[in-house]
Amino acid sequence: MAPRTTRTEKLDIRLTPEAKRVLAAAAQAERRSLTDFVLKSALGRAEEALADRRVFLLNPEQWETFIAALDAPPRDMPHLRNLLNEPSIFSGDSPS
(Lines give C-alpha, C1' and ligand atoms only; values in the text may rest on other atoms or scores of the structure.)
Protein backbone atom coordinates (compact mmCIF):
# COMPACT_ATOMS: atom_id res chain seq x y z
CA MET A 1 0.00 0.00 0.00
CA ALA A 2 1.26 3.47 -0.86
CA PRO A 3 2.23 5.67 2.07
CA ARG A 4 -0.29 8.36 2.95
CA THR A 5 0.77 11.94 2.51
CA THR A 6 -0.85 14.99 4.02
CA ARG A 7 -2.39 17.27 1.46
CA THR A 8 -1.86 20.86 2.51
CA GLU A 9 -2.48 22.75 -0.74
CA LYS A 10 -5.86 23.62 -2.22
CA LEU A 11 -6.87 24.13 -5.85
CA ASP A 12 -10.25 25.63 -6.69
CA ILE A 13 -11.78 25.18 -10.11
CA ARG A 14 -15.01 26.36 -11.66
CA LEU A 15 -16.86 23.98 -13.92
CA THR A 16 -20.26 23.44 -15.42
CA PRO A 17 -22.81 21.22 -13.69
CA GLU A 18 -22.51 18.77 -16.59
CA ALA A 19 -18.72 18.58 -16.26
CA LYS A 20 -19.09 17.90 -12.54
CA ARG A 21 -21.67 15.16 -13.22
CA VAL A 22 -19.33 13.48 -15.71
CA LEU A 23 -16.38 13.64 -13.31
CA ALA A 24 -18.49 12.36 -10.42
CA ALA A 25 -19.80 9.46 -12.53
CA ALA A 26 -16.26 8.52 -13.59
CA ALA A 27 -15.04 8.71 -10.00
CA GLN A 28 -17.93 6.54 -8.85
CA ALA A 29 -17.23 4.01 -11.64
CA GLU A 30 -13.67 3.69 -10.34
CA ARG A 31 -14.85 3.63 -6.69
CA ARG A 32 -12.84 6.72 -5.84
CA SER A 33 -13.69 10.05 -4.34
CA LEU A 34 -14.24 12.92 -6.75
CA THR A 35 -11.19 14.69 -5.34
CA ASP A 36 -8.99 11.62 -5.71
CA PHE A 37 -10.23 10.96 -9.24
CA VAL A 38 -9.67 14.53 -10.40
CA LEU A 39 -6.25 14.77 -8.71
CA LYS A 40 -4.97 11.46 -10.10
CA SER A 41 -6.32 12.28 -13.57
CA ALA A 42 -4.78 15.75 -13.59
CA LEU A 43 -1.43 14.48 -12.31
CA GLY A 44 -1.38 11.74 -14.94
CA ARG A 45 -2.02 14.26 -17.69
CA ALA A 46 0.62 16.61 -16.24
CA GLU A 47 3.20 13.80 -16.28
CA GLU A 48 2.38 13.13 -19.95
CA ALA A 49 2.73 16.82 -20.81
CA LEU A 50 6.12 17.05 -19.07
CA ALA A 51 7.57 13.67 -20.04
CA ASP A 52 9.33 14.80 -23.20
CA ARG A 53 10.85 17.71 -21.32
CA ARG A 54 12.38 15.58 -18.56
CA VAL A 55 13.12 12.14 -19.97
CA PHE A 56 14.18 11.04 -23.40
CA LEU A 57 15.32 7.62 -24.49
CA LEU A 58 18.17 6.93 -26.88
CA ASN A 59 19.36 3.70 -28.39
CA PRO A 60 23.10 2.94 -28.01
CA GLU A 61 24.02 4.53 -31.36
CA GLN A 62 22.06 7.71 -30.57
CA TRP A 63 23.64 7.83 -27.09
CA GLU A 64 27.16 7.67 -28.57
CA THR A 65 26.28 10.46 -31.03
CA PHE A 66 24.88 12.55 -28.17
CA ILE A 67 27.97 12.04 -26.00
CA ALA A 68 30.26 12.85 -28.93
CA ALA A 69 28.39 16.12 -29.49
CA LEU A 70 28.73 17.03 -25.81
CA ASP A 71 32.45 16.19 -25.79
CA ALA A 72 33.25 17.98 -29.06
CA PRO A 73 34.91 21.39 -28.88
CA PRO A 74 32.64 24.32 -29.70
CA ARG A 75 32.36 25.26 -33.35
CA ASP A 76 33.55 28.68 -34.42
CA MET A 77 30.52 30.73 -35.42
CA PRO A 78 31.78 34.15 -36.55
CA HIS A 79 28.31 35.57 -37.26
CA LEU A 80 27.10 34.64 -33.79
CA ARG A 81 30.28 35.97 -32.19
CA ASN A 82 29.84 39.28 -34.03
CA LEU A 83 26.20 39.49 -33.01
CA LEU A 84 27.03 38.89 -29.37
CA ASN A 85 29.82 41.51 -29.45
CA GLU A 86 27.60 44.24 -30.92
CA PRO A 87 26.21 46.79 -28.46
CA SER A 88 22.62 46.12 -27.50
CA ILE A 89 19.92 48.60 -28.44
CA PHE A 90 19.02 48.50 -24.76
CA SER A 91 22.50 49.29 -23.44
CA GLY A 92 22.57 52.88 -24.62
CA ASP A 93 25.93 52.24 -26.35
CA SER A 94 24.52 51.99 -29.85
CA PRO A 95 24.48 54.96 -32.22
CA SER A 96 21.15 56.80 -32.50
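The model shown is predicted, which means the values in this text are computed figures rather than measured ones.
A single hydrophobic cluster is seen to contain both L11 and L15, as judged by linkage of ILVMFWY side chains at heavy-atom distances under 4.5 Å, directly or through other members. There is a path of hydrophobic side-chain contacts, each under 4.5 Å, that joins I67 to F56. F90 and L84 end up in different hydrophobic clusters when Ile, Leu, Val, Met, Phe, Trp and Tyr side chains are linked at under 4.5 Å. Taking hydrophobic clusters as Ile, Leu, Val, Met, Phe, Trp and Tyr residues chained together by side-chain heavy-atom distances below 4.5 Å, L43 does not share a cluster with V38.
Listed by chain and number, the residues in a salt bridge (charged side-chain N to carboxylate O under 4.0 Å, His left out) with K40 are D36 (sequence neighbours excluded). Take R45 and apply the side-chain hydrogen bond (donor to acceptor under 3.5 Å, both in side chains) test, not counting sequence neighbours, and it matches no residue. Listed by chain and number, the residues in a side-chain hydrogen bond (donor to acceptor under 3.5 Å, both in side chains) with Q28 amount to none (sequence neighbours excluded).
Looking at heavy atoms from C-beta onward, L58 lies out of side-chain contact with T65 at the 4.5 angstrom threshold. Taking 4.5 Å as the limit, every side-chain heavy atom of K20 sits out of range of all side-chain heavy atoms of T16.
Closest non-hydrogen pair, Q62 versus L57, comes out as OE1-O, 4.3 Å. Smallest separation of non-hydrogen atoms from A27 and L34: CB-CA, 3.9 Å.
The number of heavy atoms from other shown groups lying within 6.0 Å of CD (E18) is above 12. For R81, the CZ atom counts as densely surrounded, since its 6.0 Å shell holds more than 12 non-hydrogen atoms of other residues, nucleotides or ligands.
The distance from the OG1 atom of T8 to the NZ atom of K10 is 13.0 Å, given to the nearest 0.5 Å.
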